[in-house]
There are 2 protein chains.
Amino acid sequence: MTSDQTTEQRILEAAKAVFFEKGLNGARMQEIADKAGINKALVHYYFRSKDKLFSAIFEEVSSRVFGRFIAIFRSQDTLEHKIRTFCSAYIDEGISSPYLLSFLFNEINRNPRVIFQQLKGKTNPFMLLRDELTAEIEKGSIRAVNPVNLLLNILSLCAFPIIAKPLLLNAFHIGEQGYLDLMAERKKEVADIIIQYINK
Amino acid sequence: MTSDQTTEQRILEAAKAVFFEKGLNGARMQEIADKAGINKALVHYYFRSKDKLFSAIFEEVSSRVFGRFIAIFRSQDTLEHKIRTFCSAYIDEGISSPYLLSFLFNEINRNPRVIFQQLKGKTNPFMLLRDELTAEIEKGSIRAVNPVNLLLNILSLCAFPIIAKPLLLNAFHIGEQGYLDLMAERKKEVADIIIQYINK
DNA sequence: GTCTATATCGGGATAGAC
DNA sequence: GTCTATCCCGATATAGAC
């Protein structure tokens, strides 16, 4: 909301907030304009259509998210250290941007073809991570598990509690602080589970 | 589509399919009517409004899903057996109704207050499961872990791969069969991970 | 109960002044 | 670049005949 940004940046920021909360179909151009402190017509002036604005957002968000979690697995640390770092970073990220993951998954489910068309040509982080894990297994540093399943386990344990936050808050009657405590505990616990599972 | 159902049943069935695929905001009354083989006005005749139709669907689906997974934990089997049965049943359920979980989580995230208002008064399956696990811990049958986190781990490992199905298909370039194979493998693997983690 | 026709409105998009 | 006014379509919902 600091108004020393360009109008375009203000629109992007506002649009991100609204799309995250309401999704593509639920979002209103009027609400985005209001939040950016400008007129509805101006949003169209900058981004032509709602779909194009959405694509711009999705593009930025997805590449940032996917890019983030590649870096960690590329380091020269031990696999155990990589996994611990990854879990901790992933959960922290999810806490500070609670809507982001829900948004990503929902839009991917809603419209996989369009989304993956847009992602075409970009480097595929999942393939990279799978290959990193495969290499570790060949190196003999861990048990010979299915690397896809291993990656999927890590992602599941980290991502699900972020996506399911509203459910957890309501179903367990825990407040915001209770949720944060739970997540803090999980950073270590999740890594422990994975490590224990892949140890020979 | 068997037309020996009542009109109301046909509408509910059609609406379920459309809401699952498109979500509340994306669904169109016209599409629901078409799929039910009737007229748009007739949908309103039976359910007054789109919101009321949606509530009817959500009500039915959520109570069925939540109800399902309580039963397993109430049996007199060993905890290990309960967990294995649960994982297997949960994943099977997710395979046969791929949209269901995404739908539930998306709508809960979109509108937690309304949803949980609607669920008020119903028995809370999460509290029940948490209490079952707490009892097991006190009985000494497993390590003293945080029961909420334990439950969350089970749910994460089972639910996430269902929700993320379109992502997995595209990101790993596996086909429908590859996905099924992966899930089959996971039924045992997920339970193994949990069992190993809670063993003293 | 089921249909056709229509009212009504919200929201994306554009025209055009400044 | 930014605004106001307006177009126009699509979608929910209702009226009313059968």
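Proteins get letters first, then strands, A, B, ... in listed order; numbering begins at 1 in each.
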Whole-Å distance separating the [atom1] atom of [X] from the [atom2] atom of [N]:
{"X": "A:Leu42", "N": "D:dG1", "atom1": "CG", "atom2": "P", "result": "9 Å"}
{"X": "B:Arg10", "N": "C:dG1", "atom1": "CZ", "atom2": "P", "result": "13 Å"}
{"X": "A:Phe47", "N": "C:dG12", "atom1": "CZ", "atom2": "C1'", "result": "16 Å"}
{"X": "B:Ile32", "N": "D:dT12", "atom1": "CD1", "atom2": "P", "result": "8 Å"}
{"X": "B:Gln5", "N": "C:dG1", "atom1": "CD", "atom2": "C1'", "result": "17 Å"}
{"X": "B:Glu31", "N": "D:dT12", "atom1": "CD", "atom2": "P", "result": "10 Å"}
{"X": "B:Gln30", "N": "C:dT4", "atom1": "CD", "atom2": "P", "result": "11 Å"}
{"X": "A:Lys52", "N": "C:dG12", "atom1": "NZ", "atom2": "P", "result": "15 Å"}

- Query: With A:Glu21, which residues qualify under side chain to side chain contact (heavy atoms under 4.5 Å, CB included), at least two apart?
  - Reply: A:Tyr99

- Query: Base, sugar-phosphate, or nothing for A:Ala27, non-hydrogen atoms under 4.0 angstrom?
  - Reply: sugar-phosphate

- Query: Can A:Arg110 and A:Ile115 be said to form a side chain to side chain contact (heavy atoms under 4.5 Å, CB included), step by step?
  - Reply: CA-CA 9 Å; A:Arg110 210 55 88 213; A:Ile115 298 288; over 6 Å; no

Using residues 127-135 of chain B as the side-chain source, report each donor-acceptor pair under 3.5 Å to any protein atom, sequence neighbours left out, with the distance given to one decimal.
unit_1, atom_1, unit_2, atom_2, d
B:Glu132, OE2, B:Arg74, NE, 3.1
B:Glu132, OE2, B:Arg74, NH2, 3.0
B:Thr134, OG1, B:Arg130, O, 2.8

- Atom pair CG/OG of B:Leu79 and B:Ser141 - distance to nearest 0.5 Å: 5.5 Å

What pairs of nitrogen or oxygen atoms, one from the protein and one from nucleotides 8-10 of chain C, lie under 3.5 Å apart?
none

Could you give the side-chain donor-acceptor pairs of residues 62-73 of chain A under 3.5 Å, partners two or more places apart or in another chain?
unit_1, atom_1, unit_2, atom_2, d
A:Ser62, OG, A:Phe58, O, 2.8
A:Ser62, OG, A:Glu59, O, 3.3
A:Ser63, OG, A:Glu59, O, 3.0
A:Ser63, OG, A:Glu60, O, 3.1
A:Arg68, NH1, A:Glu93, OE1, 2.4

- Task: Spell out protein contact along nucleotides 13-18 of chain C as letters: B when the base is contacted, S when just the sugar-phosphate is, - when no protein heavy atom is under 4.0 Å; keep the 5' to 3' order.
- Result: BBB---

- Message: Test: ring-ring contact (aromatic ring centres under 6.0 Å, His included). Region: residues 5-32 of chain B. Which pairs qualify, not counting sequence neighbours?
- Response: B:Phe19-B:Phe54, B:Phe20-B:Phe103

- The complete set of ring-ring contact (aromatic ring centres under 6.0 Å, His included) pairs with one or both residues in residues 161-200 of chain A, sequence neighbours excluded, reads A:Phe172-B:Phe126

Which atom pairs, one a donor and one an acceptor, fall under 3.5 Å between side chains of residues 159-166 of chain A and the rest of the protein, sequence neighbours left out?
unit_1, atom_1, unit_2, atom_2, d
A:Lys165, NZ, A:Glu176, OE1, 3.4
A:Lys165, NZ, A:Glu176, OE2, 3.0

- With sequence neighbours excluded, give me every salt bridge (Lys or Arg N to Asp or Glu O under 4.0 Å) pair touching residues 135-157 of chain B. B:Lys82-B:Glu136, B:Glu136-B:Lys139

